[in-house]
**Student:** 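Have a look at the structure that comes next, please.
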Number of protein chains: 2
Amino acid sequence: MNIYDISKRAGVSIATVSRVLNDSPHVSPATRQRVMAVINDSGYVPNAFARGLGLNTMKTIGLLCPDASDPYQAQALAYLENAFRSRNYDCVLSCTGKTLEARITGVELLKSRHVDGMVLMGSSFIENNDKDNDYIRQAAKSVPLILLNGSFACERVYCVLCDDQRATMEAAQHLLDTGCKRILYLYHSKNYSGRKKLAGYRAALKNKGMALDESLLCYFDQDKMSVQDVRDHLLELDKKGVAFDAVLASEDSLAIGAMKYARATGKRIPEEMSVVGYNNSNFCLFTEPELTSVDNKLKAICDHIVETMMGVLDGKEMPQKTVFTGEVVLRQSTRK
Amino acid sequence: MNIYDISKRAGVSIATVSRVLNDSPHVSPATRQRVMAVINDSGYVPNAFARGLGLNTMKTIGLLCPDASDPYQAQALAYLENAFRSRNYDCVLSCTGKTLEARITGVELLKSRHVDGMVLMGSSFIENNDKDNDYIRQAAKSVPLILLNGSFACERVYCVLCDDQRATMEAAQHLLDTGCKRILYLYHSKNYSGRKKLAGYRAALKNKGMALDESLLCYFDQDKMSVQDVRDHLLELDKKGVAFDAVLASEDSLAIGAMKYARATGKRIPEEMSVVGYNNSNFCLFTEPELTSVDNKLKAICDHIVETMMGVLDGKEMPQKTVFTGEVVLRQSTRK
DNA sequence: TCATTTTCTGTAAACACTTACACTATGGCG
DNA sequence: CGCCATAGTGTAAGTGTTTACAGAAAATGA
């Protein structure tokens with residue numbers, strides 16, 4: 001069943017059928033109705049490949065993320081998919097994993113599918129080693145690229161992100177304002193977004209005229225950052241005599257590890273120790289006490305990504321970089 | 001830059017270039033090498049649409065899920081995407097929402113993309129009202145369908161699921177075996193999977209010769225099942241004088257609500273009240289105490305779905321229904 | 001050496017659409 | 001009534017692949 005069959009049944013040419021399918025204005029109402037009737041009762045569905053060939057687009061966006069099972073990325077996927085779908089674009093998913101190599105082949109595959117645009121998540125994996133970013137520059141030549149929470153200056157690469165530095169600074173400031181003196185900083189990424197957050201932590205201390213104690217900086221490797229890992233690490237710090245009365249984490253799950261540590265040692269939250277997470281995940285409400293966390297405006301970011309993409313595909317001039325402001329959501333794990 | 005340009009540069013016909021691209025054995029090593037050289041240095045990427053048109057496939061699987069931000073579905077997406085990708089299939093995502101209507105248009109859209117197969121998640125939305133399933137029967141005519149945790153007998157529809165009834169029964173049995181007398185059952189779905197779980201709860205009671213107290217059955221609506229909703233509901237039950245010493249939930253987040261209720265009333269878990277969830281989500285480890293939950297073998301299910309799909313696409317005969325056995329993962333929210 | 005098979009390559013016809021261009025009515029207007 | 005603009009329709013040429021078929025060249029065997 002193809003356009004040819006329809007044209008014969010409706011007694012018109014294939015051009016007319018095509019025009020009906022594409023809502024062309026150059027069809028008389030009577031003809032349109034007749035053709036539509038045939039299409040409807042035959043159950044005909046236009047061949048997407050042929051259409052793609054003719055139009056050179058299948059209205060598809062490539063979504064690249066390191067790990068779709070991560071709640072934050074899953075949420076982003078859901079937001080993006082919905083917004084793109086409402087604009088008649090489908091999304092093809094590429095969960096590449098975290099290695100640079102895997103990302104490169106992921107982008108390569110999406111490119112070979114001739115997607116109309118790509119959204120790259122997991123900017124935290126974008127290193128500053130410029131050579132590592134060649135694949136982005138390369139891909140941008142053939143397709144518009146938007147980075148979610150990434151920053152990269154390059155033609156046809158657009159960035160939509162949260163001001164992680166400022167948000168982290170405000171979170172730290174809140175801890176200091178509520179009487180915390182020694183804030184343990186837990187982080188899991190040393191790349192763009194990670195560096196910004198760390199800078200925010202530093203800035204908060206500086207604003208208060210406090211010196212940074214390097215022993216309060218705890219880095220966790222990607223594959224060694226489970227709740228147990230974090231708890232055990234903090235217990236170690238205790239043994240070493242490193243004292244702290246607050247924990248600021250670059251991701252909610254790390255903060256949960258700190259809460260487990262508090263439970264293990266009997267420290268009360270927030271009376272004896274305050275905890276702040278990052279991302280404002282759903283499970284911030286699951287813990288006891290509920291976790292204060294930074295909302296980094298994922299929905300706004302995703303909506304803006306989609307708008308930007310649509311603009312770019314329409315040939316409009318679009319801002320290369322858009323920054324949203326995060327917000328500390330106060331809950332029970334910090335003092336008033 | 002198309003196959004024509006390559007053929008000219010390499011001094012061969014487009015057929016030969018095509019054969020090189022498709023690893024056809026009917027090309028001499030010398031020619032293959034020459035063509036490959038040209039392809040590599042020109043950065044040529046075959047046009048996926050034209051290829052799709054010729055082969056009538058773009059090696060794409062449609063993934064249909066109600067909500068990608070739900071951790072369970074996100075995990076499934078990640079498993080599926082990875083397994084399909086390793087077999088050179090891309091996935092296009094369709095997060096339809098929960099209404100029947102939305103699911104129908106979701107399937108419709110995937111069909112119009114001419115995907116090679118579809119995986120439908122959120123079987124809990126498959127009603128037994130047979131008319132509601134016409135869209136599945138319809139879609140199955142043009143493309144093989146696999147239901148994740150759904151059950152539906154129809155040509156070209158395959159089902160891969162967990163034996164939810166048995167798993168729930170074992171969970172309830174564990175509660176009874178550890179001394180619980182009155183198990184509150186929290187559930188959120190009245191469709192296939194939901195009914196099976198409820199049946200498991202009933203069966204466990206029956207096995208012990210216990211009567212079912214209808215007042216211990218708590219149903220939560222899809223949009224009224226937040227942690228707070230559940231906690232508040234249980235507090236209400238308290239007021240009404242409904243007593244219970246255990247909670248069995250059809251989903252982990254409901255169980256978390258029960259834990260919040262325990263916190264609010266000062267009941268100790270598991271000493272005064274045991275709690276069991278379902279799905280064995282990551283956040284079972286986040287709570288205090290850690291949540292006993294049913295592992296319904298999602299990874300195994302997803303792997304088997306992909307295998308089944310590949311078999312079907314290869315024209316092999318595949319089992320219409322495969323059932324995995326769930327497992328109760330014991331943690332701190334239940335007694336020994 | 002010649003017939004026969006095998007290996008390699010090219011020609012051209014699909015594949016199912018879109019769309020530029022040409023053509024035919026049709027109606028308005030002088 | 002002829003002229004022209006316009007609306008509606010059809011013809012045919014793309015779009016970039018795959019692949020059946022044919023043909024040429026090389027290898028094999030008698």
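In what follows, chains carry the letters A, B, and so on, assigned in the order in which the sequence lines appear, proteins first and then strands, with residues in each chain numbered from 1.
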**Student:** Describe the nucleic acid contact of Thr16(B) in one word from base, sugar-phosphate, nothing, applying a heavy-atom distance below 4.0 Å.
**Tutor:**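 Contact class for Thr16(B): sugar-phosphate only.
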**Student:** Looking only at the side chains, is there a donor atom on one of Thr60(A) and Arg113(B) sitting less than 3.5 Å from an acceptor on the other?
**Tutor:**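 Side-chain D/A pair, Thr60(A) to Arg113(B): present.
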**Student:** With a 4.0 Å cut-off on heavy atoms, is Leu55(A) in touch with a base, just the backbone sugar-phosphate, or nothing at all?
**Tutor:**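 Here Leu55(A) touches the backbone only, sparing every base.
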**Student:** Hey, which sits more toward the 5' end of DNA chain C by its nearest nucleotide, Asn2(A) or Ser13(B)?
**Tutor:**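 Whichever sits nearer the 5' end wins; that is Ser13(B).
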**Student:** Quick check: closest heavy atoms across Cys65(A) and Met121(A), and the distance to 0.1 Å?
**Tutor:**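 Nearest heavy atoms, Cys65(A) then Met121(A): CB-SD, 3.7 Å.
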**Student:** Which is the 5'-most and which the 3'-most nucleotide of DNA chain D that has an atom under 4.0 Å from a heavy atom of chain B?
**Tutor:**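 Terminal contacting nucleotides, 5' to 3': dG16(D) to dT19(D).
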**Student:** Scan Asn22(A) against the nucleic acid and name what it touches under 4.0 Å (heavy atoms): base, sugar-phosphate only, or nothing.
**Tutor:**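 Touches sugar-phosphate only.
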**Student:** Picking from Lys321(A), Met318(A), Met309(A), His304(A), what satisfies side-chain contact (heavy atoms from CB on, under 4.5 Å) with Tyr158(A)?
**Tutor:**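 Among Lys321(A), Met318(A), Met309(A), His304(A), the one meeting side-chain contact (heavy atoms from CB on, under 4.5 Å) with Tyr158(A) is Met318(A).
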**Student:** In terms of the nearest nucleotide of DNA chain C, which residue is placed more toward the 5' end: Asn56(B) or His26(B)?
**Tutor:**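 Of the two residues, His26(B) wins.
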**Student:** Check every strand shown and say whether Ser24(B) touches a base, only sugar-phosphate, or nothing at a heavy-atom separation below 4.0 Å.
**Tutor:**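 Ser24(B): no heavy atom of the nucleic acid under 4.0 Å.
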**Student:** Check the pair Ser189(B) / Asn191(B) against side chain to side chain donor-acceptor pair (under 3.5 Å), numbers first and verdict last.
**Tutor:** CA-CA 6 Å; Ser189(B) 156; Asn191(B) 347 63; 2.5 Å; yes
**Student:** Taking any atom under 4.0 angstrom from a heavy atom of chain A, which nucleotides of DNA chain C are the first and last to qualify, 5' to 3'?
**Tutor:**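 So the contact region on DNA chain C extends dA16(C) to dT19(C).
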**Student:** Let me spell it out: for each of Val45(B) and Arg32(A), pick the nucleotide of DNA chain D with the closest heavy atom. Which residue's pick is nearer the 5' end?
**Tutor:**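 Final value for this comparison: Arg32(A).
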**Student:** Base, sugar-phosphate or nothing for Ile14(A)? Non-hydrogen atoms, less than 4.0 Å.
**Tutor:**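 Base: the residue Ile14(A), judged by heavy atoms under 4.0 Å, touches a nucleobase.
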**Student:** With distance as the sole test, does Arg156(B) use its side chain to make a donor-acceptor pair with the main-chain N or O of Ala140(B) at under 3.5 Å?
**Tutor:**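 Yes, the answer is positive, given that a donor and an acceptor are paired below the 3.5 Å cut-off.
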**Student:** Starting at OH of Tyr79(B), measure out to CD1 of Ile301(B) and round the result to the nearest 0.5 Å.
**Tutor:**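 CD1 of Ile301(B) is found 11.0 Å from OH of Tyr79(B).
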**Student:** In this structure, which one of Asn279(A), Asp67(A), Asn296(A) forms a side-chain hydrogen bond (donor to acceptor under 3.5 Å, both in side chains) with Tyr72(A)?
**Tutor:**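 For Tyr72(A), the side-chain hydrogen bond (donor to acceptor under 3.5 Å, both in side chains) test succeeds with only one of Asn279(A), Asp67(A), Asn296(A), which is Asn296(A).
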**Student:** Nearest 0.5 Å, please: how far is CE in Met1(A) from CD1 in Ile6(A)?
**Tutor:**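 Atom-to-atom, Ile6(A):CD1 and Met1(A):CE are 5.5 Å apart.
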**Student:** Are any side-chain N or O atoms of Ser24(A) and backbone N or O atoms of His26(A), one a donor and one an acceptor, separated by less than 3.5 Å?
**Tutor:**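 Checked: pair present.
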